[in-house]
Colleague: 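Take a look at this one; I'll ask things after.
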Amino acid sequence: MTLHIYNTLTREKEVFKPINPENVGMYVCGPTVYDFAHIGNARPVIVFDVLYRLLKTLYPKVTYVRNITDVDDKINAKARETGEDIRTITERTAAMFHQDMAALNAGNPDIEPRATEHIAEMIDMIERLIENGNAYEADGHVLFNVPSMPNYGALSRRNMDDMIAGARVEVASYKKDPADFVLWKPSDEDTPGWDSPWGRGRPGWHIECSAMSRKYLGDTFDIHGGGHDLVFPHHENEIAQSCCANKTDKYATYWMHNGHLMVEGEKMSKSLGNFFTVHELLEEVPGEALRFYMLSAQYRSPFDFTKEGVREAKATLDRFYTALRQHADIEADDVAAPDHFVAALKDDLNTPLAISILHELLSAFNKAPSPQTKGHLLACADILGILQQDVEGWFTQNTAADATEVDADQIMGMIEERKNAKANKDFATADKIRDDLDAMGIVLEDGPGGTTWKLK
RNA sequence: GGCGCGGUGGUAGAGUGGUUAUGCAGCGGAUUGCAAAUCCGUGAACAGCGGUUCGAAUCCGCUCCGCGCCUCCA
């Protein structure tokens, strides 16, 4: 089984053929750093983290680039609101983003370029677009001229004439064509800006990804990912900018888009108040459970995020960790993940199928605990980025909030008391102790090796 | 209006032109002082209507329903 990827460009699952098998290039649209990451922002981070892990098992080198958008009008608006410098906001937010994503066990990409550190590259690209006749200056702005690109609309399969007929936004008077979009726009005195051949201003939304992907991955590269909503206009415009500036037919070979999240069956939105940040969820559930939960659906499907679903995901991970705990003395073999597991992931990241195989491997491990069955289980889990943390830690400290509330010594003392009561056949006392612990949120399990405890 | 996606058992969620998905929940059993954990067994589905086919939940068409995007939202 070779790696297959669903390509938005062709709307088909295709065999993955890297441009250079020695170094696979992957670019994913990262966060705009002006507020806490919400659970929807976490989906592409997790999905592409799994893809990155999978690719690294298949190719000697993978270069994963994910940008940080630190110049944007939402950031500017926040700065006006709080009176802070945009740099203060973006630095703080980026740090929180990294912290939250680390809790989801999503590693950092190889390169994480920031827009503000690549203004020169963007200006250079805009200049080339003007030279090539694809962009023009008007009223202090520089605009990309959409009709100058014959293939425009190929990714999103849009016809510009139809779109304009149904457009719901007024067209700025300085545009030559209603579909033209901004590459550079002027900044007033109160707005962050950079000197450019067109005066002091700031970049449009799309140009940063074109400029930065080129710098780190070249004119054409293998995979470009992001949320489904970015297909149009963001990715369509990136293609236009990059192909026209670099004079190539091809920008990214494979376009991957993750589906959006809903919350409790409703579209997630601030006005509905059903907006979870990763940060607040981590107060009540381990990041690993959020990660595992997200992977329970195929990445392209819409995902209905529910608290009940989170709870179930956590309970499922408890099962896995329980098995690992009961057989903690067995040292896992250093084996490769079984083929049928890897094959599931190679089929356009079929994580639900992969997880079903993980359940089979768990069952096999429970029935016949051995270095090999444990090794298989852990090898698969490693690719998904789960079951890697300390087993005792999983049961005794599920969230940051738990750490301060539990007194392990006290619990061990009560377990000892109960053991003595049981030895004396005083089951009433033994059960009373168990009930008391239960009321504290502690669950006991009597096993062959003694009694263990865990947080509910 | 344009473009696109989806409707699977109580629930979450894969897959396949004819053969058990898997998890959770349910039911029965083993084990346990009782539990927990684990193991064994078990019922239950493919939105509707046509068509292609020896055979379709799986391919095609239509209908109904739900959802997304349409200039700065992952």
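Note that the structure is a prediction, hence the values are computed from the model and not measured. Every chain is numbered from 1 and lettered A, B, ... according to where its sequence line falls, protein lines coming before strand lines.
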Colleague: Take the angle between the ring planes of A:F365 and A:H327 and call it parallel below 30°, perpendicular above 60°, tilted in between.
Modeller: perpendicular
Colleague: Compute the ring centroids of A:F221 and A:Y251, then answer whether they are less than 6.0 Å apart.
Modeller: yes
Colleague: Tell me whether the ring of A:H260 lies stacked over the B:A74 base, given a 5.5 Å limit on centroids and a 30° limit on the plane angle.
Modeller: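 Given the distance and angle limits, yes, they stack.
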Colleague: Would you measure the distance from the P atom in B:A56 across to the matching atom in B:A47 and give it in whole Å?
Modeller: 15 Å
Colleague: Taking the side chain as C-beta and beyond, is there a heavy-atom pair between A:D110 and A:V65 under 4.5 Å?
Modeller: no
Colleague: Checking all strands, does A:G40 fall into the base, sugar-phosphate, or nothing category for heavy-atom contacts under 4.0 angstrom?
Modeller: base
Colleague: Using a cut-off of less than 4.0 Å, is there contact between a side-chain N or O of A:K267 and OP1 or OP2 of B:A74?
Modeller: no
Colleague: Taking the same atom, P, in B:U58 and in B:U31, what whole-Å distance lies between them?
Modeller: 46 Å
Colleague: NA contact type, A:H38, heavy-atom cut-off 4.0 Å: base, sugar-phosphate, or nothing?
Modeller: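 Base, at least one base atom sits under 4.0 Å.
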Colleague: Compare the minimum distances between each of B:A74, B:A37, B:C39 and the side chain of A:L230, then state the nucleotide with the smallest one.
Modeller: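 From the listed options, B:A74 comes nearest.
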Colleague: Looking at every strand, decide which applies to A:G204 at a 4.0 Å heavy-atom threshold: base, sugar-phosphate, or nothing.
Modeller: nothing
Colleague: Using atom C1' of each nucleotide, how far apart are B:C46 and B:G15 to the nearest Å?
Modeller: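 It works out to 11 Å between them.
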Colleague: Working note: A:W205 + A:H234, criterion ring-ring contact (aromatic ring centres under 6.0 Å, His included); need CA distance, chi angles, decisive distance, verdict.
Modeller: CA-CA 8 Å; A:W205 176 32; A:H234 184 54; 4.2 Å; yes
Colleague: Evaluate the criterion ring-ring contact (aromatic ring centres under 6.0 Å, His included) for residue pair A:Y6 and A:Y254; output intermediate values, then yes/no.
Modeller: CA-CA 8 Å; A:Y6 180 88; A:Y254 303 92; over 10 Å; no
Colleague: If I pick the C1' atom on B:C49 and the same atom on B:A57, what distance separates them, to the nearest angstrom?
Modeller: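 Those two atoms are separated by 15 Å.
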Colleague: Reading 5' to 3' and counting Watson-Crick or G-U wobble pairs with both distances under 3.5 Å, write the dot-bracket notation for RNA chain B, | for bases paired outside the strand.
Modeller: (((((((..(((.....[...))).(((((.......)))))....(((((..]....))))))))))))....
Colleague: For B:C3 versus B:U63, give the span between their P atoms, rounded off to a whole number of Å.
Modeller: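 Each nucleotide's P atom is 15 Å from the other's.
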Colleague: Taking the ring of A:F320 and the ring of A:H359, is the distance between their centroids below 6.0 Å?
Modeller: yes
Colleague: Can you see whether A:F395 has A:R325 sitting over its ring - NZ or CZ less than 6.0 Å from the centre and within 45° of the normal?
Modeller: yes
Colleague: Select from A:D73 and A:E445 the residue whose nearest nucleotide in RNA chain B is closer to the 5' end of that strand.
Modeller: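 Here A:E445 is the residue nearer the 5' end.
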Colleague: Do A:H4 and A:K346 come close enough that some side-chain heavy atom pair is under 4.5 Å?
Modeller: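 Side chain of A:H4 against side chain of A:K346, heavy atoms only: no contact under 4.5 Å found.
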Colleague: Just to be sure I understand the geometry, which residues of residues 291-305 of chain A put a non-hydrogen atom under 4.0 Å away from RNA chain B?
Modeller: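 A:S296, A:A297, A:Q298, A:S301 - these, ordered by number, are the residues of the stretch whose heavy atoms sit under 4.0 Å from the strand.
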Colleague: B:A74 phosphate, OP1 or OP2: any side-chain N/O from A:N258 under 4.0 angstrom?
Modeller: no
Colleague: Just checking A:H228: base, sugar-phosphate only, or nothing, at a heavy-atom cut-off of under 4.0 Å?
Modeller: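 Here A:H228 touches the backbone only, sparing every base.
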Colleague: Apply the side-chain contact (heavy atoms from CB on, under 4.5 Å) test between A:W255 and each candidate in A:T8, A:I5, A:L230; give the one that qualifies.
Modeller: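 So, applying the side-chain contact (heavy atoms from CB on, under 4.5 Å) to A:W255 and each of A:T8, A:I5, A:L230, only A:T8 qualifies.
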Colleague: Could you check A:P44 against A:F181 and say which one's nearest nucleotide on RNA chain B is further toward the 5' end?
Modeller: A:F181
Colleague: Any donor-acceptor pair, under 3.5 Å, between the side chain of A:D431 and the base of B:G33, if you only look at N and O atoms?
Modeller: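 Looking at the base of B:G33, it does pair with a donor or acceptor on the side chain of A:D431 (distance under 3.5 Å).
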Colleague: Suppose you measure atom C1' in B:A30 against the same atom in B:G18; what distance do you get, rounded to whole Å?
Modeller: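 Between the two C1' atoms, the distance is 37 Å.
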Colleague: For every nucleotide of nucleotides 20-32 of chain B, 5' to 3': is a protein heavy atom under 4.0 Å from its base (B), only from its sugar-phosphate (S), or from neither (-)?
Modeller: -BSBS--------
Colleague: From the options B:C70, B:C72, B:A37, select the nucleotide whose nearest atom is closest to the side chain of A:R158.
Modeller: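 Output: B:C70.
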Colleague: The criterion is side-chain contact (heavy atoms from CB on, under 4.5 Å); which residues satisfy it with A:Q388, sequence neighbours excluded?
Modeller: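 With neighbours one apart ignored, the set is A:N105, A:A381, A:D382.
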Colleague: Indicate whether OP1 or OP2 belonging to B:G15 is found under 4.0 Å from a side-chain N or O atom of A:N350.
Modeller: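 It does, given that an N or O in the side chain of A:N350 lies less than 4.0 Å from OP1 or OP2 of B:G15.
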Colleague: Can you confirm if the NZ or CZ of A:K176 lies within 45° of the ring axis of A:Y136 and under 6.0 Å from the centre of its six-membered ring?
Modeller: yes
Colleague: Please classify the nucleic acid contact of A:K425 as base, sugar-phosphate, or nothing, using heavy-atom distances under 4.0 Å.
Modeller: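 Answer is nothing: A:K425 stays at 4.0 Å or more from every strand.
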Colleague: For nucleotides B:G6 and B:U16, find the distance between their P atoms and express it as a whole number of Å.
Modeller: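 13 Å, rounded to whole Å.
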Colleague: For nucleotides B:A14 and B:G9, find the distance between their P atoms and express it as a whole number of Å.
Modeller: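 These two P atoms come out 13 Å apart once rounded.
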Colleague: Remember a base hit wins even if backbone is also touched, and classify A:S156 as base, sugar-phosphate or nothing at under 4.0 Å, heavy atoms.
Modeller: sugar-phosphate
Colleague: Need one value for A:R202: base, sugar-phosphate or nothing, where a base atom within 4.0 Å counts as base even if backbone is also close, heavy atoms only.
Modeller: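 Touches nothing.
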Colleague: Answer yes when A:K314 and A:D318 have at least one side-chain N-carboxylate O distance shorter than 4.0 Å, and no when they do not.
Modeller: yes
Colleague: At under 4.0 Å between heavy atoms, what does A:K185 touch on the DNA or RNA strands: base, sugar-phosphate, or nothing?
Modeller: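 Base contact.
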Colleague: Answer with base, sugar-phosphate or nothing: what part of the nucleic acid does A:R157 contact at a heavy-atom distance below 4.0 Å?
Modeller: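 If one applies the 4.0 Å heavy-atom cut-off, A:R157 turns out to touch the sugar-phosphate alone, with no base involved.
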Colleague: Is the distance between the ring centroids of A:Y27 and A:Y64 under 6.0 Å?
Modeller: no
Colleague: Tabulate protein N/O versus nucleotide N/O from nucleotides 40-46 of chain B, keeping only pairs under 3.5 Å, one per line.
Modeller:
unit_1 : atom_1 : unit_2 : atom_2 : d
B:C40  : OP1    : A:K367 : NZ     : 2.7

Colleague: Using a 3.5 Å cut-off and no angle test, enumerate the donor-acceptor pairs between side-chain atoms of residues 434-442 of chain A and protein atoms at least two apart in sequence or in another chain.
Modeller:
unit_1 : atom_1 : unit_2 : atom_2 : d
A:D436 : OD1    : A:K432 : NZ     : 3.3
A:D436 : OD2    : A:K432 : NZ     : 2.9
A:D438 : OD2    : A:K456 : NZ     : 3.4

Colleague: Once you apply a heavy-atom cut-off of 4.0 Å, does A:L358 come out as touching a base, just sugar-phosphate, or nothing?
Modeller: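 Nothing, no heavy atom under 4.0 Å.
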Colleague: Are A:H206 and A:F181, when compared by the centres of their aromatic rings, separated by less than 6.0 Å?
Modeller: yes
Colleague: Would A:E121 and A:R214 pass as an ion pair if we require N to O under 4.0 Å?
Modeller: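 No, A:E121 and A:R214 are not salt-bridged.
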